[in-house]
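Report on the structure given below.
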Number of protein chains: 2
Amino acid sequence: MHIQETFRALADPTRREILMHLSRQEMTIGEVTERFEITRAAVKKHLNILEEGQLISVHVQGRERINRLEAQGLSAVSDWIGYFDQFWDQRLGALKTAVEDAEKTKRKSIKGRI
Amino acid sequence: MHIQETFRALADPTRREILMHLSRQEMTIGEVTERFEITRAAVKKHLNILEEGQLISVHVQGRERINRLEAQGLSAVSDWIGYFDQFWDQRLGALKTAVEDAEKTKRKSIKGRI
DNA sequence: TTTATACAATACCTTTTGGTATCATGTCAA
DNA sequence: TTGACATGATACCAAAAGGTATTGTATAAA
């Protein structure tokens with residue numbers, strides 16, 4: 001699927017910051033570039049990668065390219081993370097019935113998840 | 001914080017596969033290596049990066065190192081993603097009151113998020 | 001029709017990344 | 001003690017990543 005592209009896109013701090021900006025309002029490449037201290041070409045590359053990860057969509061309007069935050073990528077990551085919940089739920093169930101496992105199990109981290 | 005290390009750790013497909021294996025049972029480095037076709041040294045590097053991202057914890061037992069899935073990293077990512085929910089909620093509210101925006105807004109993707 | 005603007009695309013550079021190979025260290029068992 | 005085993009650590013390599021500079025193209029405006 002595209003989950004690899006999405007995780008790759010999220011791995012860079014500049015790209016995550018771009019997503020933060022786009023969450024407040026959609027922007028052209030130029031407007032995004034104003035908010036950083038790198039060249040427009042570098043920003044464009046980041047936007048390409050964000051688009052590949054389905055984290056943004058691009059809408060051409062005349063000579064401008066409007067970049068808009070898109071939910072698909074992030075919800076795919078949410079789903080991926082959700083896969084692990086069942087295992088933590090299992091562990092929690094084990095805690096209830098088997099008290100002797102209490103020492104080995106990290107209660108704090110499990111609680112933080114719920 | 002450590003969110004950069006966590007996102008970085010999740011960006012590699014081999015590391016995500018390691019997490020999948022560890023979700024079923026904790027393993028030594030050797031046991032993880034058996035499940036891949038790369039060297040033990042490469043696996044060790046991946047495990048180091050997963051530990052930096054607080055996605056696993058390591059427990060020394062004699063001459064063995066037990067690698068265990070840890071919730072902290074993934075819940076940090078969940079929280080990060082959660083930040084965006086408010087903006088999608090806002091957009092959804094706007095949809096309810098302003099029907100003329102219907103064309104511009106991608107309903108499908110918003111729905112998928114809820 | 002010019003001219004300025006917003007972007008696309010490519011070549012090039014440096015650093016990081018994922019991998020191997022190799023050697024050193026600590027621990028279990030005979 | 002000695003050998004086998006599980007791991008740690010380092011040097012090295014090719015490819016990918018993040019960046020700049022430069023050149024080209026399409027569109028808005030004078």
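The sequence lines fix the lettering, A, B, ..., with proteins before strands; numbering per chain opens at 1. For clarity, every value in this text was computed on a predicted model and none was experimentally measured.
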Sequence neighbours excluded, the answer for salt bridge (Lys or Arg N to Asp or Glu O under 4.0 Å) partners of A:E64 is none

note: A:R8, atom CZ; D:dA17, atom C1'; distance rounded to Å ~ 7 Å

So, do B:R35 and B:M27 sit near enough that their side-chain heavy atoms are less than 4.5 Å apart? yes

Sequence neighbours excluded, the answer for side chain to side chain contact (heavy atoms under 4.5 Å, CB included) partners of A:R40 is A:I29, A:T33

B:K44 NZ to D:dA6 C1', in whole Å, measures 12 Å

Rounding to 0.5 Å, atoms CD1 (A:I56) and CD1 (A:I18) come to a distance of 7.5 Å

Under a 4.0 Å heavy-atom criterion, DNA chain C is touched by chain A from C:dA4 to C:dA11

Show me the donor-acceptor pairs, under 3.5 Å and distance only, between side chains in residues 41-50 of chain B and residues at least two apart or in other chains.
residue: B:K44; atom: NZ; partner: B:N48; partner atom: OD1; Å: 2.9
residue: B:H46; atom: ND1; partner: B:R15; partner atom: NH1; Å: 3.1

Per-nt protein contacts along nucleotides 19-30 of chain D (heavy atom under 4.0 Å; B base, S backbone sugar-phosphate only, - none) come out as BBB-----BS--

With sequence neighbours left out, the residues meeting side-chain hydrogen bond (donor to acceptor under 3.5 Å, both in side chains) with A:E51 are none

| With hydrophobic residues grouped by side-chain heavy-atom distances under 4.5 Å, do B:W80 and B:L55 end up in a single group? | yes

Contacts of A:R16 meeting side-chain hydrogen bond (donor to acceptor under 3.5 Å, both in side chains) (sequence neighbours excluded), chain-then-number -> B:Q4

Whole-Å distance, B:N48 CG to D:dT7 C1', equals 11 Å

Should A:I66 and A:M20 be counted in the same cluster of Ile, Leu, Val, Met, Phe, Trp and Tyr side chains packed under 4.5 Å apart?
no

Atom CZ of A:F7 and atom C1' of D:dA17 are separated, to the nearest Å, by 19 Å

Residues at least two apart in sequence or cross-chain that pass salt bridge (Lys or Arg N to Asp or Glu O under 4.0 Å) with A:E31, listed by chain then number, are none

Rounded to 10°, the helix from C:dT1-D:dA30 to C:dA30-D:dT1 deviates from straight, judged by its five-pair end axes, by 30°

Closest of D:dA6, D:dG18, D:dG8 to the A:R15 side chain is D:dG18

Separation of D:dG18 atom P from A:E17 atom CD, nearest Å, is 15 Å

For residues 12-41 of chain B, the ring pair (Phe, Tyr, Trp, His ring centres under 6.0 Å) pairs (sequence neighbours left out) are B:H21-B:F36

